[in-house]
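The structure presented is a predicted model; accordingly, all values stated were derived computationally and were not measured. By convention in this document, chain letters (A, B, ...) are assigned in the order of the sequence lines, proteins followed by strands, and residues within each chain are numbered from 1. All values below come from the heavy atoms of this structure, side chains included, with hydrogens, waters and symmetry mates left out.
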There are 2 protein chains.
Amino acid sequence: MQERPTPPARGPITADTLVVAAARLFRQRGYSATTTRQLSEVVGLQRASLYHHIRTKEDLLFEICVRSLNNIISAVRASVGDAAHPDRLPALIDTHLQLALQDQDMHATMLIELNQLSPTRRATIVAMRSEYETIIRDEIRAGQKARRLRQDLSARHLTLALLNLLNWTIFWYREDSAETPRELAQMLTTLYLHGAAAAGVDS
Amino acid sequence: MQERPTPPARGPITADTLVVAAARLFRQRGYSATTTRQLSEVVGLQRASLYHHIRTKEDLLFEICVRSLNNIISAVRASVGDAAHPDRLPALIDTHLQLALQDQDMHATMLIELNQLSPTRRATIVAMRSEYETIIRDEIRAGQKARRLRQDLSARHLTLALLNLLNWTIFWYREDSAETPRELAQMLTTLYLHGAAAAGVDS
DNA sequence: GTCTATATTAGGATAGAC
DNA sequence: GTCTATCCTAATATAGAC
């Protein structure tokens with residue numbers, strides 16, 4: 001009797017199921033415009049049943065932000081720790097893109113919907129983001145000290161510009177595209193380090 | 001009797017007043033989470049009175065998107081047309097940042113809230129965005145043909161990367177900061193063209 | 001752990017007086 | 001051109017049976 005547009009039935013439903021489904025919806029329609037109705041339809045539950053797994057809709061957003069940042073922070077820490085010094089920045093770029101493209105929905109949501117959180121929770125996420133930025137800035141500072149990176153631009157600017165380049169790529173990258181995340185990482189590494197000007201051109 | 005948090009009283013209220021106020025709110029709280037109540041409070045009208053100036057809340061979002069894109073398209077077209085060939089890309093970057101930072105609220109809203117529009121209106125805005133991208137890509141292609149820009153990276157990638165760099169800067173630029181938009185433009189031009197690596201470093 | 005039924009609040013928008 | 005009053009719909013969340 002009820003319209004059931006593709007009920008998932010992918011095993012038992014847990015809080016995790018909801019987080020993943022919510023990330024997809026939040027990314028497509030925005031956090032605020034996504035309703036518990038839509039979420040319940042997607043996972044194949046009645047609205048009320050959602051509240052057995054979560055307390056509020058905001059919990060889902062918070063969990064998405066925490067999870068995406070935790071994942072990328074630990075992955076980037078590990079890959080940077082493993083690499084030899086001159087390869088650290090390329091490794092960082094590669095890992096960032098792998099993670100962000102793997103968890104596209106969660107990352108996009110975290111970047112865009114952060115300020116829909118309550119002040120306390122927003123503060124938590126903002127702190128995690130600056131923790132991540134610090135990892136990158138430290139790496140860039142080290143590069144500047146070792147004279148691998150230019151010193152006429154501030155570490156702050158070099159960091160923010162790199163984050164622009166990396167973070168917002170998920171908004172135009174399509175999974176069905178010919179290029180792999182790794183190829184994209186190589187391309188962006190080349191561009192970030194050496195620029196778009198042809199070799200030997202001074203402008 | 002009524003709480004009136006800083007009523008504006010900046011001359012007569014027009015549709016334009018609402019667009020500007022809405023851009024500010026949409027940017028701070030998101031389009032969907034912004035209510036007509038909040039808008040009416042900010043401009044100092046009753047809720048019903050808004051509808052003398054606009055038809056729907058979505059009209060405001062649409063107007064914001066159209067206006068920000070029209071402004072930047074015509075400004076960039078003009079500045080690129082004026083400049084001599086090797087200076088065109090720097091001029092483009094400078095003009096883009098001037099405009100986007102001047103109209104921060106409208107630009108941020110346009111970038112983030114585009115998909116809250118109805119399908120028809122969204123299509124209009126998407127078309128305007130690709131028109132803008134085409135201007136940039138054409139400029140980059142010309143640079144590649146003249147061998148000022150590297151040819152081992154596709155014009156598409158060079159364009160998208162430049163847009164990453166330019167568009168998302170408005171999310172961390174603060175008006176009270178020491179640097180002017182022009183200084184920021186010079187910094188990003190240097191970085192985009194020549195990269196973050198120290199001169200003479202091959203990695 | 002999921003359901004039906006519902007409480008409660010607030011949303012966008014309209015009617016019609018002044 | 002702005003107001004008061006209100007319509008109608010839908011939102012998040014809860015109560016309590018199964």
(Q) Without decimals, in angstroms, what is the distance between A/Ile13 CD1 and C/dG1 C1'? (A) 10 Å
Q: Could you verify whether a donor N or O on one side chain and an acceptor N or O on the other, from A/Gln151 and A/Arg147, lie under 3.5 Å apart?
A: yes
Q | B/Arg37 side-chain N/O to C/dG11 phosphate OP1/OP2 under 4.0 Å | A | yes
Q. Can you list, by residue number, the residues of residues 50-65 of chain A that have a non-hydrogen atom closer than 4.0 angstrom to DNA chain D?
A. A/Tyr51, A/Thr56, A/Lys57
Q) Whole-Å distance between D/dT14 P and A/Leu45 CG? A) 17 Å
Q) salt bridge (charged side-chain N to carboxylate O under 4.0 Å, His left out) between A/Arg88 and A/Asp138: does it pass, once the steps are laid out? A) CA-CA 11 Å; A/Arg88 283 189 169 193; A/Asp138 286 351; over 6 Å; no
Q) In whole Å, what is the span from the CD atom of A/Gln46 to the P atom of D/dT12? A) 15 Å
(Q) Under 6.0 Å from the ring centre and within 45 degrees of the ring axis: does the NZ or CZ of B/Lys57 meet both conditions for the six-membered ring of B/Phe62? (A) no
Q: For the pair B/Arg27 (side chain) and B/Ala108 (backbone), establish whether a donor and an acceptor sit closer than 3.5 Å, ignoring hydrogens and angles.
A: no
Q.
If I take atom CG in residue B/Leu18 and atom P in nucleotide C/dG12, what distance separates them, rounded to the nearest angstrom?
A. 14 Å
Q: Under 4.0 Å from any atom of DNA chain C, heavy atoms only: list the residues of residues 22-29 of chain B that qualify, in numerical order.
A: none
**Q.** Residues A/Arg121 and A/Asp59 bridged, charged N to O under 4.0 Å
**A.** yes
**Q.** Between A/Thr169 and B/Asn164: side-chain donor-acceptor atoms closer than 3.5 Å
**A.** yes
Q.
Measuring from the side chain of B/Thr35 (C-beta onward, heavy atoms only), which nucleotide among C/dG12, C/dT14, C/dA5 has the closest atom?
A. C/dG12
Q | Salt bridge flag under 4.0 Å for residues A/Arg150 and A/Asp152 | A | yes
(Q) OP1 or OP2 of C/dC3 versus the side-chain N and O atoms of A/Ser49: is any pair under 4.0 Å? (A) yes
Q. From A/Leu188 CG over to B/His157 NE2, what is the distance, rounded to the nearest 0.5 angstrom?
A. 8.0 Å
Q: Under 4.0 Å between any heavy atoms, over every strand shown, what does A/Thr34 touch: base, sugar-phosphate, or nothing? Just pick one.
A: sugar-phosphate
Q. Would you call B/Glu131 and B/Arg77 a salt bridge, using N to O less than 4.0 angstrom?
A. yes
